[in-house]
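One structure is given here, and the rest of the page talks about it.
Bear in mind that the values here come from a model prediction, so they are computed numbers and not experimental data. Residue numbers start from 1 in every chain, and the chains themselves are labelled A, B, ... in the order their sequence lines are given, proteins ahead of strands.
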There are 2 protein chains.
Amino acid sequence: MAGTRLDPIDRKILAELQADGRMTNVELAKRVGISAPPCLRRVRTLEESGYIRGYHANVNARELGFEVQVFAMVGLASQAESDLTAFEEKCRNWPLVRECHMLNGEVDFLLKCVAPDLSSFQSFLTGQLLTTPNVESVKTSLVIRPAKDEPGVPFDVLESRLKNAP
Amino acid sequence: MAGTRLDPIDRKILAELQADGRMTNVELAKRVGISAPPCLRRVRTLEESGYIRGYHANVNARELGFEVQVFAMVGLASQAESDLTAFEEKCRNWPLVRECHMLNGEVDFLLKCVAPDLSSFQSFLTGQLLTTPNVESVKTSLVIRPAKDEPGVPFDVLESRLKNAP
DNA sequence: TCTGAAACGCATGCTCT
DNA sequence: AGAGCATGCGTTTCAGA
């Protein structure tokens, strides 16, 4: 299951598929230094054990007509567990909300939203988010420009840590 | 190029590959209702025109040893364009910073960071981020739990908009 | 658990519509 | 621009070390 220790080849597989999720299995096998059959078995195992959650094409949101990206910081009136999960459930059902993170500190949730334009985001904000029971405060910040957007984790950091403490 | 209008089949291809980036071309062709050769040609065109930026395996950061995820809100002393790009360049070189967004409002940048544990994040914070020239204020918030994390854009929103204004 | 061989299915170029 | 066909390559199973 997810907790099985990974060997260096497994980590290399993950790093390669994070960088190029559509790489063929023979190419992957070549890069990690084993033949194709065991490489495929490892990939399947990593998928089944949850180390790999899926594969996704990264599509150009702006070209597709989603011109704005907005972060919303949400404060709730009640932070009882049932109220927290109720809000999370709401977020899962709002398609414009792509990410919802519960945070510590002043704000309860940080939401990453996309929308075709500012007015459609505003109508989501006033018509959906602000009218949700228990939502006390919402501060929104428009993304002016994205400066870095790397998926996943830095495998080089992982490897250097494992080298220093094997 | 990126600006060419997409037809419904192209949008279906993008939606399918966003949901499963490792789908075979014949499966994709079946789902979008054309035969394999033209389907593959469309995919290549979408890749070359920038509608598809890449394919990535979604790896389980926590199981890999990245236990903490932190959002950092950064304020700069000077917002001159050269100072903004200088900070962005710094972010691109910090592996723990996975996303960097320039925002409007009180805060200048929002950073999404990952780290193996709190202490390694703290040493990044005090040793790197806070010692960067021009960084005036940093407020960090730990992610207590992720409630939603969907990649990409909601294609159903796109389709319903196109239906109402074709 | 790996490698190697072999069968099968997919990717992809060509031609025709 | 899409379909059908042909072929070379990738995927996947199986046997054996």
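- Rounded to an integer number of Å, the gap from CG of Asp7(A) to P of dT1(C) is 10 Å.
- Under the rule for a ring pair (Phe, Tyr, Trp, His ring centres under 6.0 Å), Phe66(B) has no partner lying at least two apart in sequence or in another chain.
- Under the salt bridge (charged side-chain N to carboxylate O under 4.0 Å, His left out) criterion, Glu89(B) pairs with Arg92(B), sequence neighbours left out.
- A search for side chain to side chain donor-acceptor pair (under 3.5 Å) contacts involving Asp10(A) returns Arg42(A), not counting sequence neighbours.
- Applying the salt bridge (charged side-chain N to carboxylate O under 4.0 Å, His left out) definition to pairs two or more places apart or across chains, those involving residues 73-83 of chain A are Glu81(A)-Arg145(B).
- The ring pair (Phe, Tyr, Trp, His ring centres under 6.0 Å) search around Phe87(B) returns Phe109(B), not counting sequence neighbours.
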Next on the checklist: Base contacts versus sugar-phosphate-only contacts with protein, heavy atoms under 4.0 Å: please encode nucleotides 3-17 of chain C as B, S and - from 5' to 3'.
Outcome noted: BB-----SSBB----

